[in-house]
Structure formats: structure tokens, C-alpha cells
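To keep things clear, I will list the structure first and then write my remarks on it.
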Amino acid sequence: MNAIRIREAADELLLDHARGAASAPVDLLVATHVALNPAARRRHRCLEAVGGAMLDTIEPVATAPDALDRLFARIDAGHAAEPARAMPACAERFPAALRARMPGGVDALPWRQVTRGVHEAALGVEDGPQKASLLRIAAGRAIPRHTHRGDEMTLVLEGDFTDEHGRYARGDLAVADGSIEHQPVAGTGGDCLCLVVTSAPIRLTGRLLRLLNPFLPR
Ligand code: ZN
């Protein structure tokens with residue numbers, strides 16, 4: 001999965017949401033993403049403006065990796081740029097869609113330790129094997145090196161993390177799959193809190209941890 005494919009995968013999530021075709025976990029992820037990220041909000045609004053019916057009639061253009069970018073450019077050409085004040089940044093700690101999933105607050109969630117410095121809490125938003133959860137990586141801590149058995153979508157809510165593919169801060173969405181191996185490391189400025197949607201457990205790839213894979217829950 002290269003940079004273009006990652007961008008495409010993020011756009012596909014926006015498109016699914018705009019068409020009402022996303023799963024409940026992806027719905028939550030996209031609603032939170034567009035609330036935190038002005039660029040994602042702009043792309044999402046363009047897709048909504050086009051309308052799902054029209055998009056359904058567009059010939060599949062899988063051979064053109066920039067097809068969605070060209071679609072956005074066409075849409076932008078027909079619409080005056082919106083004033084910045086129409087897209088205010090989310091002033092709340094968490095957007096409304098996410099707050100609705102944790103009425104007792106983030107600390108009341110069923111947190112469990114994944115590894116040293118890393119905790120996860122399920123949000124009870126699932127669709128088949130796909131589920132949404134919060135992940136908290138303590139400042140400076142790392143998630144063990146791993147690859148993926150399915151798609152992994154990670155939206156940063158607070159703090160930041162860095163992996164082999166870039167640095168991600170509040171509002172940034174990282175998409176990974178089985179072609180990506182990485183070791184996310186939280187920034188040292190504070191804990192990194194993320195909203196994560198996964199459909200299968202990760203597969204550890206570190207030299208020692210690889211030995212533990214057969215014994216980990218699947
Ligand atoms: Zn990962």
C-alpha cells in the first residue's frame with residue numbers, strides 16, 4: 001500500500017459514508033474524522049454534493065489512481081471556495097458522534113492493557129468482525145511492530161504518533177492493511193489517543209514477538 005493507495009483508501013471511506021453505505025464502525029470513524037479535519041470535511045462535502053446516485057453511474061476507473069482527485073477538481077471548478085468560517089475546527093475534546101458512544105466519558109470506558117504503555121477500550125460499535133475502539137499509547141511508547149490481517153484505520157484524537165510512513169496528529173487518518181508493516185510510536189509531548197477500526201487482530205512481526213503469535217487471540 002503506497003501513499004496514493006493510502007489516500008485512495010481514505011477517500012473510499014469518505015465515499016462509503018457519503019453514500020450511506022458504510023458500516024457502523026466506519027460511520028463513526030468518518031463522522032469523527034470530518035469533524036476534526038477540515039480537508040477531509042471538504043472532500044466529504046464534495047462527495048455528498050455529487051450524490052450517491054450519480055456516483056453509482058460512474059464507470060469504475062480502478063486503473064486511474066487519481067480518479068477521485070480529478071472528480072474533486074471538477075466539483076471544485078463548479079463551486080466557489082467556501083469561506084473558512086463555514087468550516088470551524090472542532091472546539092470540543094471529542095466530536096459529538098464519538099461523545100455519544102461514551103456517555104460516561106472516556107475514563108469510564110472498559111480499558112484493558114494491550115502491552116506496556118498501550119491500552120484499548122471497545123466502544124461497542126461493531127459490524128461483523130469489524131469493531132471500533134479507542135487506543136491510548138502513553139507518551140513515547142510504541143505499539144509492537146506488526147502487520148495486519150485486515151484493514152486497520154487509525155484516527156488520531158489527541159497527541160500524535162509516528163511510524164515508517166509518516167507522522168499523524170489530531171484529525172489525521174492512517175489506513176493500513178496486510179501490505180503494511182509498521183511500529184507506531186507516540187510522541188513524547190503527551191499520550192496519543194486514537195479511534196481505531198479493525199476487522200482482525202494485528203500480526204506481530206518483531207523477531208521475539210513473532211514467536212508469540214500462535215498463542216495470541218485471533
Ligand atoms: Zn497497524
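No experiment lies behind these values; they were computed from the predicted model shown. Order of listing sets the numbers, starting from 1, for every ligand and every atom in it.
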(message) Just checking R101: does its CZ atom have more than 12 heavy atoms from other residues, nucleotides or ligands closer to it than 6.0 angstrom?
(response) no
(request) Any pair with a residue in residues 179-197 that passes salt bridge (Lys or Arg N to Asp or Glu O under 4.0 Å), sequence neighbours left out, goes on the list, sorted by first then second residue, please. (result) R145-E181
(message) Under a plain distance cut-off of 3.5 Å, with no hydrogens placed, do H182 and H165 share a side-chain donor-acceptor pair?
(response) no
(request) Could you tell me whether R19 and E48 make a salt bridge, using a distance below 4.0 angstrom between a side-chain N and a carboxylate O? (result) no
(message) Just to be sure I understand the site: which N, O or S atoms from the protein are less than 2.8 Å away from the Zn ion (ligand 1)?
(response) H146 NE2, H148 NE2, E152 OE1, E152 OE2, H182 NE2
(request) Output all residues satisfying ring-ring contact (aromatic ring centres under 6.0 Å, His included) with Y168, sequence neighbours left out; order by chain, then residue number. (result) F161
(request) Enumerate the residue pairs fulfilling salt bridge (Lys or Arg N to Asp or Glu O under 4.0 Å) with a member in residues 118-131, sequence neighbours excluded, ordered by first and then second residue. (result) R112-E120, E120-K131
